[in-house]
Amino acid sequence: MSTTPKRVSLLGSTGSIGTQALDVVRAQPGRFQVTALSAQSNADLLIAQAREFQPAAVVIGDEAKYQQVREALAGQPETEVLAGAEALTEVAARPDADVVLTAMVGYAGLLPTVAAIRAGKDIALANKETLVVAGQLITGLVQEHGVQLLPVDSEHSAIFQCLVGEEQNPIEKIILTASGGPFRGRTREQLAQVTKAQALKHPNWDMGAKITIDSASLMNKGLEVIEAKWLFNLRNEQIDVVVHPQSIIHSLVQFEDGSLKAQLGLPDMKLPIQYALGYPRRLANQFPRFSFLDYPQLTFEQPDTTAFRNLALAFEALKRGGNAACILNAANEIAVAAFLRDEIGFLEMSDVVESSLARVSYLATPSLDDYVLTDQETRRVARELCSARV
């Protein structure tokens, strides 16, 4: 075993995935070295992390907070302090990292991930939107530059783990599991009355606000469907979703002989994070262990795509291809932000996404620049749609 620590650049270090990734690093002393940290606006936590891990660079996305971070780390000359989106993309490509863990939320992860791949970095991908927005482009770059794309989402990590050793065996289909969120079983009429506070209470997972709302609306599962297509080179009809309220089976792979392989475990994101950072080795840890005796029943049901239209819209965008998933993602980001500001209702998020898909210019074979322009156009349209509902 190599005694040289794996060098990790962590983009989005103050969010749910980022903080848990640093828990993994703390629990594996000498195995990982943090070379870069970034945050969008949480300057206080970024400063504390930088003091603890002493990376070569930190980036604060909110340029108004640059001076605060710079002054706080003035006594730490080995750490360069930078600010803004361009700095984040530059740091993602630096040669002092072996793997870049992309844990930012939303579209913001796209350009730094592209830069890191072009620089020959392996990617531990927690930013699913990168593949949702530009899956064909990203997978092409991964092949061109010979890097590894290691999924961190629990569902995609489960599939990835099930496929180790099965390289010669074609996939018949994959089954992504969904908890169903806090509103599982509710009708559209009932969903029209739900509040932000209710939507932010996920039954199984502790996540940031945006992904928690996406999970409540099933958009998160829709984004994961699109991500899975690109990660595992699947046809659209090879992807199924099943609601599994206990969140113990994280996903399954069915092979052409009918055999199913599943990965099971407690709903704890530290395990898939550690698996991605430590790959191909499984690292010993002190995480809580799953016991079947604690879960005497594991249940499954079909998702309700009539009540939860976002999942149906995601499958529609997947079928359309081109820049449709980019439109879906950008409209959803604007809609979720408006919902969190109490400007639109829970069901209106789907209305904004559906209307944006109808209004924004469709491109069958977009370039990276086209994706950037599509994202900008969609956000403008979606903001107008949200404002019309206030």
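All of these numbers come straight from a predicted model, not from anything done at the bench.
Listed for the Arg359 side chain is no donor-acceptor partner under 3.5 Å among the backbone atoms of Leu357. A donor-acceptor distance shorter than 3.5 angstrom exists from the side chain of Gln238 to the backbone of Ile171, with no hydrogens or angles considered.
Residue Glu167 places its CD atom among more than 12 non-hydrogen atoms of other residues, nucleotides or ligands, all under 6.0 Å distant. Other residues, nucleotides and ligands place no more than 12 heavy atoms under 6.0 Å from the CD atom of Gln302. The number of heavy-atom neighbours closer than 6.0 Å to CD of Glu377, taken from other residues, nucleotides and ligands shown, is above 12. The 12-atom threshold is not exceeded at CG of Asn233, counting heavy atoms of other residues, nucleotides or ligands nearer than 6.0 Å.
The aromatic ring centroids of Phe160 and Tyr279 lie less than 6.0 Å from each other. Taking the six-membered ring where the residue is Trp, the centroids of Tyr371 and Tyr107 are separated by 6.0 Å or more.
A side-chain donor-acceptor contact under 3.5 Å links Ser367 and Asp370. For the residue pair Gln28 / Gln274, a side-chain donor-acceptor distance below 3.5 Å is found, with atom types taken as modelled. Between the side chains of Gln20 and Asp23, no donor-acceptor pair is found at a separation under 3.5 Å. A side-chain N or O of Ser179 and one of His202 form a donor-acceptor pair less than 3.5 Å apart.
Ile239 is listed as a side-chain neighbour of Leu234, based on a closest heavy-atom distance under 4.5 Å.
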| message | The test is side-chain contact (heavy atoms from CB on, under 4.5 Å); show your working for Ile123 and Gln148 and say whether it passes. | response | CA-CA 6 Å; Ile123 306 296; Gln148 295 185 101; over 6 Å; no

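Evaluation of the salt bridge (Lys or Arg N to Asp or Glu O under 4.0 Å) test over residues 73-87, restricted to residues two or more places apart or in two chains, returns Glu80-Arg94. Each salt bridge (Lys or Arg N to Asp or Glu O under 4.0 Å) pair with one or both residues in residues 175-192, not counting sequence neighbours, appears once here: Arg184-Glu301.
Between His244 and Phe300, the ring planes are parallel. Angles under 30° get that label, and only those over 60° would be called perpendicular.
Screening Leu252, Val253, Leu260 for a side-chain contact (heavy atoms from CB on, under 4.5 Å) with Cys162, the sole residue that qualifies is Val253.
Ionic pairing of Glu144 and Arg118 is not present here: no N-O contact between side-chain nitrogen and carboxylate oxygen is shorter than 4.0 angstrom.
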